[in-house]
There are 2 protein chains.
Amino acid sequence: MVMGIFSKTCEYAIRSVFFIAHRTASGNRVGIKEIASGIDSPEHFLAKILQDLSRRGIVQSAKGPNGGFYIDERGLKRPLSEVVEAVDGNSIFTGCGLGLAYCSETNPCPLHNEFKAIRNQLKDLLEQTTIADFSESLNLGITKLRK
Amino acid sequence: MVMGIFSKTCEYAIRSVFFIAHRTASGNRVGIKEIASGIDSPEHFLAKILQDLSRRGIVQSAKGPNGGFYIDERGLKRPLSEVVEAVDGNSIFTGCGLGLAYCSETNPCPLHNEFKAIRNQLKDLLEQTTIADFSESLNLGITKLRK
DNA sequence: AAAATAAAAGAGTTTTTAGTCTTTTATTAA
DNA sequence: TTAATAAAAGACTAAAAACTCTTTTATTTT
Ligand code: FES
Ligand code: FES
């Protein structure tokens with residue numbers, strides 16, 4: 001299989017965050033089984049990812065009956081870039097497209113100028129749009145999180 | 001380590017193609033050791049990559065004394081996208097940013113519109129710029145292939 | 001023809017990413 | 001206060017990507 005722009009872990013993280021945001025807008029909680037089937041991901045693998053996002057305060061969780069995952073007000077206002085950075089780090093926002101140890105103006109690779117422009121657009125998109133913004137389209141039924 | 005936008009294999013492929021283009025503009029050939037050290041890659045790993053690019057006709061090679069790798073006239077005029085596709089496939093040009101099985105207008109993910117715009121810019125860049133174009137800056141001493 | 005050279009091919013190992021399964025801990029409700 | 005529920009944690013396995021080492025084949029030069 002050939003990788004996308006984000007790692008599989010990060011794809012699941014983003015999709016689950018959107019799913020949780022969408023399902024828990026009104027103070028509800030949603031369980032791991034429901035999330036996993038809602039975004040079409042392996043349940044126990046997703047559990048690990050959400051444990052990590054929970055430790056980092058990106059999502060919240062509660063154990064026991066009526067427990068599950070949710071996202072608080074502050075969380076909904078976070079830019080999506082925070083989810084991506086938490087999982088994949090920031091190399092996608094700052095790293096050289098050709099894998100040079102450092103991307104720099106003084107030692108640029110042949111793709112530098114063009115690549116940097118594109119990379120910055122992705123950065124801007126993810127930094128300027130909140131989790132709530134993105135999941136809006138789910139409320140409207142326009143977008144999907146699984147095939 | 002956290003991956004970039006291309007696989008490590010693809011990064012080495014692109015860098016080596018630029019290196020070979022730069023070094024063999026005037027009918028010369030360049031050996032694997034020199035390429036590997038020139039782009040700072042593991043020699044035997046790069047050998048595998050170049051064997052593959054050679055089978056696909058993206059680079060040319062000759063065995064024996066004075067042998068080595070080179071790129072013919074037609075090769076220099078190829079867009080960089082052909083190197084990327086040969087190694088990483090075309091999912092970077094067509095795949096969903098959130099990993100949905102298909103990226104489509106009828107079943108879009110929440111990132112679809114914005115992501116597609118950015119993805120298409122990368123596609124256009126790689127399709128519209130030839131290997132020769134990119135390695136031009138190496139001739140001028142402006143860009144680098146290793147730190 | 002023999003020796004030297006350099007890529008091609010084959011057969012691995014290591015590391016990272018992805019995914020699974022089981023046990024423990026916390027919370028709630030009967 | 002016991003049973004049920006659901007996440008947290010731990011210990012794995014599987015697959016893919018990255019990398020290494022050795023042998024073979026083709027070519028050229030002496
Ligand atoms: S140096 Fe390669 S993208 Fe900046
Ligand atoms: S459906 Fe996700 S990018 Fe098009």
Side-chain angles (χ1 to χ4, degrees), chain A residues 1-16 19-20 23-24 28-71 87-89 91-92 99, chain B residues 1-16 20 23-24 28-71 86-89 91-92 99:
Chain A
M1 196 223 288
V2 150
M3 259 251 271
I5 193 163
F6 303 120
S7 69
K8 222 97 215 18
T9 301
C10 191
E11 289 175 354
Y12 293 145
I14 296 172
R15 274 151 62 194
S16 64
F19 187 88
I20 297 168
R23 279 299 186 83
T24 64
N28 291 340
R29 290 158 182 182
V30 60
I32 188 75
K33 276 190 226 295
E34 203 176 338
I35 304 170
S37 94
I39 69 167
D40 198 20
S41 77
E43 181 185 328
H44 296 287
F45 188 42
L46 182 62
K48 292 289 171 202
I49 297 169
L50 286 177
Q51 276 161 35
D52 185 51
L53 293 182
S54 172
R55 260 181 249 115
R56 292 167 184 272
I58 290 172
V59 304
Q60 283 68 48
S61 70
K63 287 184 177 180
N66 301 319
F69 294 90
Y70 60 101
I71 302 182
V87 179
D88 278 354
S91 68
I92 196 169
Chain B
M1 197 222 287
V2 150
M3 259 250 272
I5 193 163
F6 303 121
S7 68
K8 222 100 218 13
T9 301
C10 191
E11 289 175 355
Y12 293 145
I14 297 172
R15 274 150 63 194
S16 65
I20 296 168
R23 278 299 186 85
T24 65
N28 291 340
R29 290 157 181 182
V30 59
I32 187 75
K33 275 191 227 294
E34 201 175 341
I35 304 170
S37 94
I39 70 166
D40 197 21
S41 78
E43 181 185 326
H44 297 286
F45 188 41
L46 182 62
K48 292 291 171 199
I49 298 168
L50 286 177
Q51 276 161 35
D52 186 51
L53 293 181
S54 172
R55 260 181 249 114
R56 293 166 184 274
I58 291 172
V59 304
Q60 284 67 49
S61 70
K63 287 183 177 180
N66 301 318
F69 295 90
Y70 59 103
I71 301 182
V87 179
D88 278 355
S91 68
I92 196 169

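- Among the nucleotides D/dT20, C/dT5, D/dA7, the one closest to the side chain of B/P65 is C/dT5.
- Annotation: of the two residues near DNA chain D, B/E43 and A/A47, the 5′-most nearest-nucleotide partner is A/A47.
- Along DNA chain C, the nucleotide nearest to A/H44 and the one nearest to A/C10 differ in position, and the one closer to the 5' end is contacted by A/C10.
- A salt bridge links A/R56 with A/D52: the distance from a Lys NZ or Arg NE/NH1/NH2 to an Asp or Glu carboxylate oxygen falls below 4.0 Å.
- In terms of position along DNA chain C, the nucleotide closest to B/G67 lies nearer the 5' end than the nucleotide closest to the other residue of the pair A/F45 and B/G67.
- Checking the phosphate oxygens (OP1, OP2) of D/dC19, a side-chain nitrogen or oxygen of B/Y12 falls inside 4.0 Å.
- Atom CG in B/L50 sits roughly 15 Å away from atom P in D/dC19 (whole-Å rounding).
- Contacts of B/K48 with the nucleic acid, taken as non-hydrogen atoms under 4.0 Å apart, include base atoms.
- Between A/S61 and D/dA6 there is no side-chain polar atom (N or O) within less than 4.0 angstrom of OP1 or OP2.
- Within the structure, every side-chain polar atom (N or O) of A/N66 is placed at least 4.0 Å from both OP1 and OP2 of D/dA6.
- Here D/dA8 is the nucleotide among C/dA9, D/dA8, D/dA18 with the atom lying nearest to any side-chain atom of A/Q51.
- If you take CZ of B/R29 and P of C/dA8, they are 12 Å apart, rounded to a whole angstrom.
- A straight line from CD1 of A/I20 to P of D/dA7 spans 10 Å, rounded to a whole angstrom.
- How far CD1 of A/I32 is from OG of A/S41: 7.0 Å, rounded to the nearest 0.5 Å.
- Dashed line: the shortest gap from a side-chain N or O of B/R55 to OP1 or OP2 of C/dA8 is not under 4.0 Å.
- Put simply, CD1 on B/I49 is 9 Å from P on D/dC19, counting in whole angstrom units.
- Contact annotation: B/S54 does not reach the phosphate of C/dA7 (side-chain N/O to OP1 or OP2, under 4.0 Å).
- Using a 4.5 Å heavy-atom cutoff, the side chains of A/L50 and A/S16 are in contact.
- Contact of A/K63 with C/dT25 (side chain to base): a donor-acceptor pair of N or O atoms is detected under 3.5 Å.
- For B/F69, whose side chain is taken as the heavy atoms from C-beta onward, the closest listed nucleotide among D/dA8, D/dT20, C/dA7 is C/dA7.
- For A/T9 and C/dT17, the shortest distance from a side-chain N or O to OP1 or OP2 is not below 4.0 Å.
- At a threshold of 4.5 Å between non-hydrogen side-chain atoms, the residues B/I92 and B/F6 count as touching.
- The distance from atom OH of B/Y70 to atom C1' of D/dT27 is 13 Å, rounded to the nearest whole Å.
- Scanning all heavy atoms of the two residues, the minimum distance from A/C10 to A/D88 falls at CB-OD2, 3.3 Å.
- Across all strands shown, A/A62 has heavy atoms under 4.0 Å from sugar-phosphate atoms exclusively, and none from any base.
- Following rounding to the nearest Å, B/K8 (NZ) and C/dT17 (P) show an atom-to-atom distance of 12 Å.
- In this structure the side chain of A/N28 never reaches within 4.5 angstrom of the side chain of A/R23, judged on heavy atoms.
- A/L46 has its CG atom 12 Å from the P atom of C/dT20, to the nearest Å.
- Atom-to-atom, CG of B/D52 to P of D/dC19 comes out at 16 Å; the value is rounded to the nearest Å.
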